[in-house]
Amino acid sequence: MKNGVYNILKARFLVNDDAFKNWRFIVFIIILAIIMIANTQRYEQKVFRIVALTNEVKELRSEFVDRRSELMKLKMESTVSKKMEEKQIFPATVPPIKIKVVKKEEKNFFQKIWQ
């Protein structure tokens, strides 16, 4: 056992006659580790992108709510009347009257012929 540990520390398994098998395995492990590192980095980039987009969506949603409330205030009758008073346009004092238009029925072609 003492001799086996000593051989591992001296890395004799890399220079022996059957070292080619060992080197293939080591290269395979290194390639696998590089793939895992690259995969982890791409995963973290996607997570950061998702967090950034989530924050942007929250920000845009709050801006939308602010603009909508501002629009509701501007559409109120009191706000509109104040803005119009600055231009010397005042609300009507007389209520509106509904106008009804009665349309005469036109006679069709056959009714015109028979009269």
Side-chain angles (χ1 to χ4, degrees):
M1 183 165 138
K2 184 178 183 183
N3 197 17
V5 173
Y6 184 70
N7 286 338
I8 291 174
L9 291 176
K10 284 256 185 176
R12 291 189 186 227
F13 64 93
L14 297 176
V15 292
N16 284 345
D17 295 335
D18 60 344
F20 183 69
K21 289 189 279 182
N22 294 337
W23 277 107
R24 283 192 327 195
F25 183 71
I26 290 171
V27 169
F28 173 73
I29 295 295
I30 290 172
I31 291 172
L32 201 62
I34 290 171
I35 291 172
M36 287 178 57
I37 290 169
N39 191 24
T40 304
Q41 184 177 5
R42 290 193 69 197
Y43 171 76
E44 287 177 356
Q45 285 176 347
K46 288 181 182 179
V47 168
F48 290 143
R49 178 86 172 130
I50 289 170
V51 168
L53 290 175
T54 304
N55 290 339
E56 186 178 350
V57 165
K58 287 179 183 177
E59 188 176 308
L60 289 173
R61 186 171 289 141
S62 67
E63 183 180 345
F64 167 73
V65 170
D66 289 342
R67 298 290 170 109
R68 187 174 57 183
S69 64
E70 188 177 318
L71 176 67
M72 292 301 289
K73 288 179 185 175
L74 289 174
K75 285 172 49 178
M76 291 174 63
E77 186 179 352
S78 60
T79 308
V80 172
S81 64
K82 285 180 186 176
K83 295 242 184 215
M84 297 310 281
E85 283 177 4
E86 293 172 2
K87 297 179 180 182
Q88 301 296 324
I89 300 174
F90 301 102
T93 56
V94 180
I97 300 172
K98 188 172 188 178
I99 301 173
K100 293 184 181 180
V101 177
V102 180
K103 184 178 178 184
K104 284 182 156 183
E105 282 191 37
E106 291 187 24
K107 297 179 182 177
N108 62 18
F109 180 72
F110 294 112
Q111 289 176 345
K112 287 181 184 178
I113 292 176
W114 291 105
Q115 282 187 0

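The list of salt bridge (Lys or Arg N to Asp or Glu O under 4.0 Å) pairs with a residue in residues 53-73, not counting sequence neighbours, reads Glu63-Arg67.
When hydrophobic side chains of Ile, Leu, Val, Met, Phe, Trp and Tyr are connected at separations under 4.5 Å, Leu74 ends up as a singleton with no cluster partners. Side-chain heavy-atom separations under 4.5 angstrom define the hydrophobic clusters, and the remaining members of the one that includes Ile31 are Val27, Ile35. Other residues sharing a hydrophobic cluster with Ile29 under the 4.5 Å side-chain heavy-atom criterion for ILVMFWY residues are Phe25, Phe28, Leu32. Cluster partners of Ile89, using a side-chain heavy-atom cutoff of under 4.5 Å among ILVMFWY residues and allowing indirect links, are Val80, Met84.
Here Met76 pairs with Ser78, Thr79 under the side-chain contact (heavy atoms from CB on, under 4.5 Å) rule; sequence neighbours left out.
No single ILVMFWY cluster, assembled from side-chain heavy atoms under 4.5 Å apart, contains both Leu71 and Leu60. Phe64 and Met72 fall into different hydrophobic clusters, where Ile, Leu, Val, Met, Phe, Trp and Tyr side chains are chained together by heavy-atom contacts under 4.5 Å.
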Please table the atom pairs, donor to acceptor, closer than 3.5 Å between any side-chain atom in residues 41-55 and protein atoms at least two apart or in another chain.
unit_1	atom_1	unit_2	atom_2	d
Thr54	OG1	Ile50	O	2.7
Asn55	ND2	Val51	O	3.4

